[in-house]
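Take a look at the structure below.
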Amino acid sequence: MTEPAITPELVAKHNLTPEEYAHAVEILGRTPTYTELGIFSVMWSEHCSYKNTRPLLKTFPTKSPKILVGAGEENAGIIDIGDGLAIAFKIESHNHPSAVEPFQGAATGVGGIVRDIFTMGARPVCAVNSLRFGPITAKGIVSGSVGESVSEEANATDSPSPPHPLTPLPGANGVTQEILNNRRLFAGVVAGIAHYGNCFGIPTIAGEVYFDKTYQGNPLVNAFCLGVLRHEQITRGAAKGVGNPVFYVGPATGRDGLAGAAFASQDLTEESAEQQRGAVQVGDPFMEKLVCEACLELLATGAVAGMQDMGAAGLTCSTCETASRAGTGIEIELDKVPQRAPNMSSYEIMLSESQERMLIVVHKGREEEVKKIFDKWDLPWSEIGVVTDTGRMVVKHGGKVVADIPAKKIADESPVYQREAVEPAYIKEVRAFRLDGVPDTSDPTAVLKRLLAWPSIASKNWVYRQYDHQVRAGSVVLPGSDAAVIRIKSDSLPIVGQPSRLSQTSNERDIDGDRRDACPTKLLAMTVDCNGSYVYLDPYEGAKAAVAEACRNLACSGAIPLGATDNLNMPSPLRPELFWQIKESVRGLAEGCKAFNAPVTGGNCSLYNQSPAGPIDPTPTISVVGLIEKPEHVTTQWFKDEGDAIILLGEPVEGTPLQGLGGSAYLQVIHGIKNGSPPRCDLEVARTLHTTLLGLIQSGLVKSAHDCSEGGLAVALAESCISQLIARDTPKWIGATVDLSAVEQASRLSQTEKDVELDGDRRDACPTRLDALLFGEAQSRVVISCRPLDAVKVVERAKLMGVPAMQIGKVGGDKLAVKTAGGEFSAPLTELHDAWWNSIARAMA
Amino acid sequence: MNFAVLQFPASNCDQDAVHAVQVLGHRARLVWHKEHSLGDAQAVIVPGGFSYGDYLRCGAIARFSPVMQAVKQFADNGGLVLGICNGFQVLTEAGLLPGALVRNRDLQFHCEYVFLKAATAQSPFTSQIPAEKWLRLPIAHGEGCYYADETTLARLQANQQILWQYCDQQGNLTDRANPNGSLLNIAGVCNERRNVAGLMPHPERACERILGSEDGRLIFEGMIAALEGASRAQAA
């Protein structure tokens, strides 16, 4: 087989700049072979090297006494949860593949992150995801956001007569080709996640889905996985021990997913769908299940010196990284690699991203144990190489050396770029935006229903019902509350090393008595959050708000943050105004994580998220995992009993000119405006709120807690009334009577006080708007309910801690009735529930 | 009591079944699919999951595994066998239970709580379920639509082999309460001898208060009562 000659064109095709290529030549001391060029291309892609973001990522807080494996060290970070137990978790994107082939793109996204977790020696116990798509309904689409060339009218006018939200979508009426395509991507991604997770047997327990025009043509698919292990079970992805054999385990290598990592590091173009389909891998969850169980069983024997999954950049990345981490070299023979297709070139074998494959370094002399276990699980395996002391990654094929590269240099000496950041022009417009031309609401009931039916706010039951979220018998709070809660028990852990028992030919394992006692039950809460509109309008505040919301969701569930994992979904870093978004987002995330004592244990960068229509809103999703001390602290968002008191914790209305309406769902849905500075996120205020709420929960005073986010107080109240689900088609509603007239009074007073301190913005001229009171998205607010007798105590304790608190109503009845200074409105729960519960299913029917 | 819980390569509710049995104070042991013997097991659980990946048809390959030959023999000797979800599919494929399970009528996977009505108390699997008690159990399947030809259905009804049916909160067998389009709202059936049963819902996920329902216990408690009754009879 003749390999193509290395030309500047070929180098450019591999996404290497002339400078990067020159550096590669310098490292090698000669012209690279074709295979080596491919290796440099994937290893130095953004996906593998973080070359554009590494300087920023260094600013994340990554230290805490609880961190056992820190960010960037291994495939996933590991945090101590006490009693000798630890958790490994990480989030990773599969955006580009999902844009091209939604089902397989999303499925392999799940597969990849699950492998990252069991590679660490942990048993994967739950999955979470964060998804973004273009709009799936014709109504409630923002016609354009600030910064885009959109006519003034389109921006400022309300859609004249909003249709009744309960009216099913009329077939073709307003449903464009784009919307149909967005639905196809949405349905495909959800089905792909369901397929992989359900078959593998991992509960997909939480997530978020937003729909916005900015993601049209470039959906985001971020998959998170969490695993559990004992401290002594932590496994390293290092090729340790010179002379140790290197095993390849899992299905044969094919031509699928060729150079997916490089593909993920380019802009999506019109041609992507056609040309890049070969870059999307095909997932086999059955195989993954076998590989996972076999690997955990093998780890228990102690025969493994190091283990690494073949994820992005396949065999290339796994060999380079394991050798680099251990400071050793590695030599492999491609003829020994199981191959699915005939006549594969060394280039193809090295760059294939065929799924469910593992690289395992085994202590010399213990090869038989490996073979025995993989034969038991009927898994293909092959001894393909050996650990050396040369520090080089040597690849042989057909008796010839096709690659010979210093492992540490290619893994660690990838280029690093300090990109230029310039504040984009649109930001000035955002800051200058005022509500002057925006009429206040005259029909709060209609607005509330439209917001509840807006797919980004509406119940995601159509999504999570397709995910098995209860397998493994550990799901304590199911999807549909602020954060999901799982229980860790003894069988959540990987099996313990008892080689004598494992080597029994019977393959029978006795699981009873003694081993169960070894593991005290633990409760973990988790959530993933990010409001991309906020981040677009103010990356720093928006990113802080994402962390704050995640931690608020945890607090509402009764949990204390342990750590975080982030997924930077960003456009091209090469344009200074887009890089500014990335930089500001990271600054916000870093400050947020610091404030809540949630160190970042790892994550993922996905750059170049832009379609021909333009860049996506910067979307730094953040997933935070927390610990709940006792089962009785687990708290859910829905109201529980008639007569309970409803209390609002936090400042009711933001004391800024926009009163918390900047970037709000209300402005987007009702007025077609995506503009204005998003609600300010004061981390100190947020932290005080979370600590106070947690204290109240731990004192047994809180019966429900739900945070105010998109749609503000009115949506939070409505969701507290309608979100409990007993069984299929059997919601449990409980109404509320709320009086906000006193709240308005209080917020007006507090604003006047602030006016004295803040110059510049004249607030006395703008009294609290009704839409701001009901639908404003001021940060750090939580709606809780408690026994009527405890109401005074709760309010006093909160105030004592420095958190504004006020009883605003009572639970009971079959409608949500709200009184304000200007009047009253009420809506039957049946109507609110229908709008909220069925909206997505109707769009997708 | 000693339960055997089968373990196919992609069983994924096997540990959950073991856990549930232990929660009820009994012993459970995983038995690998390549085994030819069930050892000293007094009852068998065929757990949920995807047995062999189930790319062909749920349970279609599992019926040929060595352990299923042992289960057939165990059942022929009158031993208690319960198939849950994929286990139910495996038992119908293996011919141990009548009927078949096909794609849900809306073609989607469904994970949600349902209400179940025990159609009869006359079986080891339903004997402990009080009359007028609707079980609240989770389902999680893509192929749970129970199908059988008319003759078979008539026979099932005549012999009271229909054990559980999907119902609403008031116990009515409505179409809305039927999550997958199963004929006659059938969620689970037993064989003529009444020692082998299968159901799509997951009782093993509903044995502890912290998980939101304890109704699943009633099914296992029925099996345990039958086993204890049998061993008492033997002793006497």
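Per chain, numbering begins at 1; letters A, B, ... match sequence-line order.
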With no hydrogens and no angle check, is any side-chain donor or acceptor of Arg472(A) less than 3.5 Å from a backbone partner on Cys13(B)?
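Checking the backbone N and O of Cys13(B) against the side chain of Arg472(A), no donor-acceptor pair under 3.5 Å is found.
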Short side-chain to backbone donor-acceptor contact, Asp491(A) and Asp16(B), under 3.5 Å
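Not confirmed, Asp491(A) side chain does not pair with Asp16(B) backbone.
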Rounded to the nearest 0.5 Å, what separates atom [atom1] in [X] from atom [atom2] in [Y]?
X: Asp168(B); Y: Asp729(A); atom1: CG; atom2: CG; result: 9.0 Å
X: Asn178(B); Y: Arg728(A); atom1: CG; atom2: CZ; result: 7.0 Å
X: Ser490(A); Y: His19(B); atom1: OG; atom2: NE2; result: 7.5 Å

Taking C-beta and beyond as the side chain, do [X] and [Y] meet within less than 4.5 Å on heavy atoms?
X: Leu211(B); Y: Arg487(A); answer: yes
X: Ile210(B); Y: Leu523(A); answer: yes
X: Asp54(B); Y: Phe286(A); answer: no
X: Pro9(B); Y: Asp378(A); answer: no

Using a 4.5 angstrom heavy-atom cutoff, name the option from Lys289(A), His469(A), Lys489(A), Gln466(A) with the most pairs to chain B.
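Of the candidates given, the most pairs with chain B belong to Gln466(A).
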Top residue by heavy-atom pair count (under 4.5 Å) with chain B, among Thr730(A), Asn198(A), Val485(A)?
Asn198(A)
Which heavy atom of Ile726(A) sits nearest a heavy atom of Gln169(B), and at what distance?
CG2-NE2, 4.2 Å
Over all atoms of both residues, closest heavy-atom pair of Gly53(B) and Cys199(A)
O-SG, 4.4 Å
Pick one of side chain, backbone, both or neither for [X], based on which atoms fall under 4.5 Å of a heavy atom in chain A.
X: Ser11(B); value: backbone
X: Ala20(B); value: neither
X: Tyr166(B); value: neither
X: Arg176(B); value: both

Around [X], counting heavy atoms of other residues, nucleotides and ligands shown, do more than 12 lie under 6.0 Å from its [atom1]?
X: Lys732(A); atom1: NZ; answer: no
X: Asp814(A); atom1: CG; answer: no
X: Gln73(B); atom1: CD; answer: no

Suppose a student defines contact as a heavy atom less than 4.5 Å from any heavy atom of chain A. Which residues in residues 106-113 of chain B would they list?
Asp106(B), Gln108(B), Phe109(B), His110(B), Cys111(B), Glu112(B), Tyr113(B)
Is the ring pair Trp377(A)/Trp32(B) parallel, tilted or perpendicular, if the boundaries are 30 and 60 degrees?
perpendicular
